[in-house]
Structures are given as structure tokens and as C-alpha cells.
Amino acid sequence: MPTALTRFTIDRPDTLAEAACLLRDYGEAGRAYAGGTELLLAMKQAGLRYEHLVDLKTVPGLDRVELQNGRLRIGALATHRDLERHPLVLEHLPALANLESRVANPRVRASGTLGGNLCFAEPRSDPAVLLLCLDARVALVGPDGRRELSLDEFILGPYETALQPGELLEAVLIPLSPGRRAAYVKEQQRERPMLGLGLALEVSDGRVGSARLAVGSASPTPLRSAEAEALLAGPLPEARGRLPRAAETLADAAELLDDLDASAEYKRHLVGVHLERLWEQLT
Amino acid sequence: MSTRIEAPYLLRTAVNGRPIELEIEPRETLVEVLRERLRLTGTRVSCDVQVCGACTVLVDGLPVSACTYLAYEARGRRVLTIEGLASSLGELHPLQQAFVDEYAFQCGFCTPGMILAAHALLEERPEATREEIIAALEGNLCRCTGYKPILAAVEKAQALLRR
């Protein structure tokens, strides 16, 4: 027998501002509802209860993907499936399209949204890791207006974001840089990844101008290490020689845990292996 | 203006080509409506957390986990379950026939979900490669037959459907 959900109503707002006001008024009793792949699961498994779901899919245009002032703007309600095949994503951020084509399974990808994934701040998120490397920002709309945050300001911890009561994620903004190369790799045995590693490099004239390195799924929250990134900057051969130290530095920052997937020691080893592979792929 | 859906909600949808009007509660999942209201018990519940794929049905051609998908989402859309795949004369769909011919099931619990996941792929990509078939079925778990006969069945049906 399937687990029954507790009772709720579903609001269908026409605008994001309306949705924000509804959610502010409902407080703890309400929750934004998009693809439902995380939310309904949590309501079944973790005993989360809401009396009111506010269905954001009825707000037109929230799934739009477009170029805007040198940034790719991804509407929060674009599904993983939308993004794995969107021409603008394929052209400008093939690493993101590739990542999206491997999120969870085809059923989750058809319903689950990028915005929902980020707002849930699930520690085992694939997109968050790469988006941290791409310097992504998030556009928020609340009852009192709009603001923009960097993704690392937005994700505060496991299942915790900077969203205020009634505040909603409208879009993800990714600056486009012609010289940047990026890739994401994950290790996965079961339904969620046990390790995700993202790397983005600005390379010109044989040297790395700047590097972004992030880990997820093995840590309580997806995170970058500025210290590890600094080790990857400079002339390519020297930077290559510092990969083991960068991997150790990132693994130290990640607070790796022993769990059913693998020991912390093994995950530390995998960070090193996958960092080398990503490096070979990008340089 | 925002509108609110409360119980009872009149769901209008189409299941296996048949128009359906049914009073439901917003909290009801699609699998509850299919199995318990419409008595379409070919859609199975196993893990109940959208991991195993036993509850796979197609909504407007795309696979969803009916265990973790609100029936409300099927409003105005076309739902396809395993009961809708054979012809009205009872002739099996090529995928179903291929699963029989290739011995691609033992207990059969995962089979409806497997077949619908494969159906979604072949409708969208008739020329899908073996790697694409494997990727499309990655979220459907079988615990008795093993995956080789299943893959063989999908490839056999694919060849038949392309003719």
C-alpha cells in the first residue's frame, strides 16, 4: 500500500507576488510546490506536514531559459529534462546539460525542477555543485521585493537556505565566460550520489587564471574551497603538480562522513582520483 | 486571481484514451487513483519513494513515478498505464510480446514499469542506441530476472516497431 499524504489544499496563483503573499500568510502551514519530487517525498518519508501547497507551475513563464546581459537566466521551474536538452544550455553550458541528463532517473527529471532542487538544499544535489563552480547567483522575490544572492550565500546548510518567509526563487543566473571550461563528475552506487565534484577553469596562454572547485554529496552541504582553488591557479604544469594537495585541502574542508555508501577515507581517495580526471578533461 | 483547490476536486483527465471525471482529494497520488478508484492494478507500488520504477506510468508521454505524483497533476492530460498498451482486440503491444518471447520477467512485478519506461523512450527516440536504452531504464529495478533479457526484449521490440 502506498503511504497516504496528509490533507492539504492547493493554491494556484497567477503571479509570483501573489504566491509570495500566500506563503507569507500561511507561515509554517504552507509550502511552495513545484515538481514535487523532493517535497512529496519528504511529506511521505520525513513526516513534513503542510495544510497548503502553493503550486508555482500555474505562474506563467517561470520555466523560461534565456540570455540576459551576458548571463544565462534559468527560470526556477525549468525541469531537469528541459535543461538537459535546451539549445541555450547545450550551447553555452554543455557541462550543465550533461549533469542534468544524469540527475536521479528519467521520472524525476521529467517533473523535478532546478529551483526545487536548490530550494530544498538537499545535501546530495548534483546541480548545486557545478553551479557553485560557475559563480551562479539566484534571483529571489518576496512580499517586500526582490534581491539577488550568490549561490553560496543562498545555501546555508543541509536543507537550509536564506529564503525568508514568503520568499521564492525566481531564477538562477549564470555569468557566461568564453574562456571558462567546466565539468562535473559523480560517483553513485545507489539512488543518490555519494560524491560529486565540479571544476571550472579559466585557461589562457598555458596558465590557469582562476579556478573553481566544489564538492557535494559527500559533505553536509555542497561547498567550494578557496584555499584549494588557489593551489590550482598559475602555469599549467605547476598547477598540475599541486592537484594532490588541492584534493586534500578540499577533502579537509568537506567534513567527509562514513556512511552506507563508503568510508570517509575512501571518499577522500575518490576526491583525488576524480580531481585528476576532471583536470585531464579540461586542460 | 489565485484560485484554491480543495476536496472534493473534480479531476478531468484521460486514462488509456478514456475520458475520466472523478472527485478526488488534492492529496491523492496518481497511483492511489489508478489502483483504488479505477481498479487499474497493473501499476505497482514497491519502494513508494520514486526509486524503483514499479509505479511508472506516462503522463503526456513522459514517465512519472505515480507513487509520488499528485493525481491533480494529471488534469487535462493523457495518462497511459500498462492496461492501455495492448490493442482493443487484446493483441499485445510489440514491447509486451517481446518481454514474453525473451523471458524478460519472472515475478513480473517490475514489468509494467519497465515496459512503460521503454515505451516512452522508443516513442521519443525510435533509433535509441543500446546505451540510451540502458540509461532510460536505469531507474527501473528488477530483483529476479536480471537485466539482459529485459534489454534484449526492448531491442527486439525496437526492431519490430521500426519496420
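Quick note on labels: first sequence line is chain A, next is B, and so on, each numbered from 1. Here the structure is a predicted model, which is why all the values come from computation and not from measurement.
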Non-hydrogen atoms of Phe8(A) and Arg27(B) that approach each other most closely: CZ-CA, 3.3 Å
Gln50(B) versus chain A, the contacting section by heavy-atom distance below 4.5 Å: both
Region of Ala7(B) in contact with chain A, defined by heavy-atom distances below 4.5 Å: neither
Top of Gly139(B), Ala117(B), Ser2(B) for chain A proximity - count of heavy-atom pairs under 4.5 angstrom: Ser2(B)
Ion pair Asp82(A)/Arg64(A), N-O distance below 4.0 Å: no
Region of Glu28(B) that comes under 4.5 Å of a non-hydrogen atom in chain A: neither
Contact winner vs chain A - Leu141(B), Leu121(B), Val45(B), heavy-atom pairs under 4.5 Å: Val45(B)
When Val59(A), Leu40(A), Leu39(A), Thr15(A) are compared by non-hydrogen pairs under 4.5 Å with chain B, the top option: Leu40(A)
Residue part contacting chain A, namely of Cys47(B), when any heavy atom lies under 4.5 Å: neither
Choice from Asn105(A), Leu5(A), Val108(A) maximising heavy atom contacts with chain B below 4.5 Å: Leu5(A)
Any donor-acceptor pair under 3.5 Å from Arg124(A) side chain to Gly216(A) backbone: no
Under 4.5 Å from a heavy atom of chain B, the part of Thr3(A) involved: both
Backbone of Glu73(B) reached by a side-chain donor or acceptor of Arg77(B) within 3.5 Å: yes
Option in Ile10(A), Thr9(A), Asp14(A) with maximal non-hydrogen atom pairs under 4.5 Å from chain B: Ile10(A)
Region of Thr29(B) in contact with chain A, defined by heavy-atom distances below 4.5 Å: side chain
More than 12 heavy atoms from other groups under 6.0 Å of CD on Glu28(A): no
Val31(B), part contacting chain A, at a heavy-atom distance under 4.5 Å: side chain
Interface residue of largest heavy-atom contact number with chain A, from Thr56(B), Leu70(B), Val59(B), under 4.5 Å: Leu70(B)
Heavy-atom proximity to chain B below 4.5 Å, by part of Arg102(A): neither
Leading residue by heavy atom contact count with chain A [cutoff under 4.5 Å; candidates Thr68(B), Leu62(B), Ile5(B)]: Ile5(B)
Donor-acceptor under 3.5 Å (Asp126(A) side chain, Val103(A) main chain): no
Plane angle bin for His52(A) and Tyr26(A) - parallel if under 30°, tilted between 30 and 60°, otherwise perpendicular: parallel
Asp11(A) bridged to Arg4(B) by N-O distance under 4.0 Å: yes
Asn98(A) and Ser101(A) side chains, donor-acceptor separation under 3.5 Å: no
Selection from Glu36(B), Glu138(B), Glu6(B), Glu124(B) maximising heavy-atom pairs under 4.5 Å formed with chain A: Glu124(B)
Whether Phe105(B) and Phe99(B) hold their rings parallel, tilted or perpendicular, with breakpoints at 30° and 60°: parallel
Expected output: side-chain Asp63(A) to main-chain Gly75(A) donor-acceptor under 3.5 Å: no
Choice from Cys55(B), Ala136(B), Ser65(B), Ala135(B) maximising heavy atom contacts with chain A below 4.5 Å: Ser65(B)
